[in-house]
Amino acid sequence: MLLAPSSNRVYSGAADTLVAAELGVLLGAGGGPVPEIRPTTIAGVPYLSVDQSELDDRLGEAIARLSGLFAVFTRDQQLLIPVQVTPPDLFPDDLVTIPKYPGKTNEQFTRLLVNVTLASIRREPQDSWSLLDPMCGRGTTLSTGLILGHEVSGVEMDLKAIEAYSAYLKTYLRRKRLKHTADMTPVKREGKSLGRRLDVEVTPPTADRTLKLTAFSGDTRQSAALYGKRRFDAVITDAPYGVVHGSHTDVRGVSGKRDRSAAGLLREALPVWSGQLKRGGALGLSWNTYGLSREDLSQLAVEAGLTPLTDGPYLEFGHRVDASIHRDVFVAVKD
Ligand SMILES: C[S@@+](CC[C@H](N)C(=O)[O-])C[C@H]1O[C@@H](n2cnc3c(N)ncnc32)[C@H](O)[C@@H]1O
């Protein structure tokens, strides 16, 4: 596999190990054999290679959905023969790449997080899962979920982010002439305004089924109150990184004061998110390890009734983002 040149910028040069770990999770999920996946250099160009004699359906499908993929070849001694793989995408990737704003989670990384979390669900396999991003910003996870054909829901504290996402989706879907409805409505409980709610239904260009998106403005700790009895197959989110990204990603602790790490917020939010997961559902979180260690995060997850996944590839997603952020991926399942 030739990886997209941009993926090394996203992962600070660690794209090959991260995408290898992603593929390891995708292939290992069903309990089947996992071939050796390793970085290889051919004529001075870095590739990721899989030691398997043929590209069967299982491998082809996993490769086609990978986050950093550019091109696939089979190798016949010194020859590389291009292979057509068909990504499962229902929308073009510009749905998620067009928006640019401070604090946006990188699109390739988001796809990795979505892939790894959905592959970890311990439920009867199905084509379309329900996923919740309880700190969804301007919707990178939600759009990625739609591209991959899932029902998506979100919660975001910053009302302006939900409004901006709504405006973007409306323009995008109209411009692409896709059949859709999109509505923003006020949310009220006992006469009190709780924020706003975005509802979108869209028919992808090549599919005959409709996909649904819901997003509430509000605090993630109120997510269960906002969604009521609804349960999700997956909770997937890129946690705030602390003060480094400016006020947009600031975390507010119980007292309403700023908190330099996401630890306080995660301690309160994990039990809420866990309660919103179906049995066998998976939680996938990316976070800054400088503010909270994996051990402490695991402890919080266990207290919230989740089982952290710790074998092989699950511990190989750590990478540097900048001097103050070392990002990692944490996945846990609800027994
Ligand atoms: C790292 S950003 C996620 C960005 C998002 N993935 C995107 O690409 O737009 C973290 C988000 O968490 C939100 N946030 C922080 N504290 C929150 C809370 N208590 N409840 C809901 N959202 C919160 C921030 O406003 C920010 O949008």
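Below, each value reflects all heavy atoms present in this structure, side chains not excepted, and no hydrogens, waters or symmetry copies. Atoms within a ligand are numbered from 1 in the order they appear, just like the ligands themselves.
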Under the 3.5 angstrom rule, does the side chain of S153 hit a backbone N or O of L132 as a donor-acceptor pair?
-> no

Pull out every atom of ligand 1 sitting under 4.0 Å from any heavy atom of T105, numbered as shown with elements.
-> 3 (C), 4 (C), 5 (C), 6 (N), 7 (C), 8 (O)

Numbering the atoms of ligand 1 from 1, which are under 4.0 Å from a heavy atom of T220?
-> 18 (C), 19 (N), 20 (N), 21 (C)

Quick one: which ligand 1 atoms are inside 4.0 Å of a heavy atom on K104?
-> 8 (O)

Can you tell me if V155 has a non-hydrogen atom under 4.0 Å from ligand 1?
-> no

Those atoms of ligand 1 less than 4.0 Å from some heavy atom in G103 | 4 (C)

Can you tell me if Y101 has a non-hydrogen atom under 4.0 Å from ligand 1?
-> yes

Return yes when A161 approaches ligand 1 closer than 4.0 angstrom through a heavy atom, no otherwise.
-> no

On the ring face of Y165, is R138 found with NZ or CZ under 6.0 Å from the centre and within 45° of the axis?
-> no

Kindly check if the number of other-residue, nucleotide or ligand heavy atoms within 6.0 Å of CZ (R123) is above 12?
-> yes

What atoms of ligand 1 come within less than 4.0 Å of a heavy atom belonging to L265?
-> 16 (N), 19 (N)

Remaining members of the apolar cluster that contains L2, side-chain heavy atoms under 4.5 Å = I42, V45, Y47, F70, F73, L80

Sub-4.0 Å atoms of ligand 1 with respect to non-hydrogen atoms of R221 = 19 (N)

Are D199 and R197 within salt-bridge range, i.e. N to O under 4.0 Å?
-> yes

In ligand 1, the atoms that come under 4.0 Å of a heavy atom of A239 are 1 (C)

Please confirm whether A269 comes under 4.0 Å of ligand 1, counting heavy atoms of the residue only.
-> no

Closest to atom 25 (O) of ligand 1 (heavy atoms only, candidates K160, E156, M157) is E156

Answer with yes or no after comparing the ring centroid distance for F216 and Y227 against a 6.0 Å cut-off, counting only values under it.
-> yes

Could you please spell out the steps behind the ring pair (Phe, Tyr, Trp, His ring centres under 6.0 Å) verdict for H319 and F109?
-> CA-CA 11 Å; H319 60 284; F109 177 72; 5.5 Å; yes

For R138, is at least one N or O under 3.5 Å away from an N or O on ligand 1?
-> yes

Taking only Lys NZ, Arg NE, NH1 and NH2, and the carboxylate oxygens of Asp or Glu, determine whether R267 and D296 approach each other closer than 4.0 Å.
-> no

Evaluate side chain to side chain donor-acceptor pair (under 3.5 Å) for T140 paired with Y101, printing each intermediate quantity in order.
-> CA-CA 11 Å; T140 311; Y101 51 89; 3.1 Å; yes

Using a strict cut-off of 4.0 Å, indicate which atoms of ligand 1 neighbour a heavy atom of T140.
-> 7 (C), 8 (O), 9 (O)

